[in-house]
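Lettering of chains follows the sequences in order, A, B, ..., and the numbering in each one begins at 1.
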Protein chains: 2
Amino acid sequence: MKRLAPINESTRERRLEEFERQCRERRIPLTPQRRVLLKAVLDLDSHPTADQVHAAPSVRRARISRATVYRALESLVRLGIIAKACHPHGVVRYDGRVEQHHHLICLRCGAVVDVAAPELDALPLPDASALGFEVENYRVQLRGLCRRCREKEGT
Amino acid sequence: MKRLAPINESTRERRLEEFERQCRERRIPLTPQRRVLLKAVLDLDSHPTADQVHAAPSVRRARISRATVYRALESLVRLGIIAKACHPHGVVRYDGRVEQHHHLICLRCGAVVDVAAPELDALPLPDASALGFEVENYRVQLRGLCRRCREKEGT
DNA sequence: ATACGTGCAAAGCGTTTGCATTTCT
DNA sequence: AGAAATGCAAACGCTTTGCACGTAT
């Protein structure tokens, strides 16, 4: 299993174009703020909270208000350009990766690591229609403890 | 794929005993509040937030303060008697089920449904040790839209 | 006896909202 | 022009904390 490499330049470009296309198609205003925020999420490549995005240098420089950060990130999610990461702690976290991938999650500190695991990428998906659900995609969450938390065990 | 049946009487008893055993073993005070809270989580059988647990009739009756609910639930998690559910919204949710199971998650309203899916129960787990992680267990999150949210689509 | 849990109230964050203003299409 | 997004500040809701007191071991 490998940690995913950061999103590279060409993927980033593609995602930005995808974003602009979506905006045009769905007649949604393409504001500079949203573009800056999308770039920030893609560049952070962690699973930032809205506040961490707000604190990113590029976002600070653009003087984007906190309220806009919260609202714009939700818009990007609705557009399907970014996703929300599921997380055991009580904070919303955004995920710049929308393709299939999986998460290593530290149950103690909440760290999330994106991983590629081909053996988990084509699981036989059970049929959820009987329960009224329409499944769009799935994520495998590998839960445990990261190195740092294991080292300071016993808290 | 089937929705999991509510936790039955005998399982509940077993879990309560397990809790008492853990307390004795690890020399942790076994308070009546914690017992009430554990029962409440097992009985709720949703994925309650701390506040929903606090609002449960049995908890109200016992007049357990909100602060204690928050602290005691965390203790139960540390004891491994209950778990935290990973969730895309910004609230901590507790899960009374600690055995292997999976989640149907509505990306819109955040509903979580516990499901049994034998075909997902014995996945070939990739080796995460190179990344410093020690994986304890995993959950497959089937993400999509629940019936209700699909019906009022287009928001 | 001692360490730990509880209750209360206040503080601390993360997040949302109302409203006037600005910006995009 | 019209619809929608932004910024600001205030409001809100979830969660944590300090402290005095109570309780389990």
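- The shortest non-hydrogen separation linking Ala55(B) to Arg60(B) is O-CG, 3.5 Å.
- Taking 4.0 Å as the cut-off between side-chain N and carboxylate O, Arg21(A) and Glu17(A) do not count as a salt-bridged pair.
- Residue contacts for Arg66(A): at a heavy-atom cut-off of 4.0 Å it reaches a base atom on one of the strands shown.
- Residue whose closest nucleotide on DNA chain D sits further toward the 5' end, between Glu74(B) and Arg24(B): Glu74(B).
- When all heavy atoms are compared, the tightest approach of Leu120(A) to His102(A) is O-NE2, 3.5 Å.
- For Arg35(A) and Glu20(A), the salt-bridge test passes: some basic side-chain N is under 4.0 Å from an acidic carboxylate O.
- Between Arg143(B) and Glu134(A) there is no salt bridge, since none of the side-chain N atoms of the basic residue sits less than 4.0 Å from a carboxylate O of the acidic one.
- Rounded to an integer number of Å, the gap from Arg93(A) CZ to dG14(C) P is 11 Å.
- Scanning residues 27-49 of chain A for heavy-atom distances under 4.0 Å to DNA chain D yields Pro29(A), Thr31(A), Gln33(A), Arg34(A).
- Contact check, Thr68(A) against dG7(D): a side-chain N or O comes under 4.0 Å of OP1 or OP2.
- Rounded to an integer number of Å, the gap from OH of Tyr70(A) to P of dC12(D) is 18 Å.
- Under a 4.0 Å N-O distance rule, the pair Arg97(B)/Asp114(B) qualifies as a salt bridge.
- Rounding to whole angstrom units, NE2 of residue His89(B) and P of dT15(D) are separated by 14 Å.
- Distance Lys84(A) NZ to dT15(C) P: 9 Å, rounded to the nearest Å.
- Atom-to-atom, CD of Gln52(A) to P of dC13(C) comes out at 15 Å; the value is rounded to the nearest Å.
- Among all heavy-atom pairs drawn from Ala117(A) and Met1(A), the shortest one is CB-CG, 4.3 Å.
- Distance Asp51(A) CG to dG14(C) P: 5 Å, rounded to the nearest Å.
- Taking atom NE2 of His54(A) as the reference point, atom C1' of dT6(D) lies 12 Å away to the nearest angstrom.
- Residue-to-nucleotide proximity on DNA chain C shows that, of Ser65(B) and Val92(A), the 5′-proximal contact is made by Ser65(B).
- Of all nucleotides listed (dT15(C), dA9(C), dT17(C)), dT15(C) comes nearest to the side chain of Val91(A).
- The interatomic distance linking Arg71(A) (CZ) with dT23(C) (C1') rounds to 14 Å, in whole Å.
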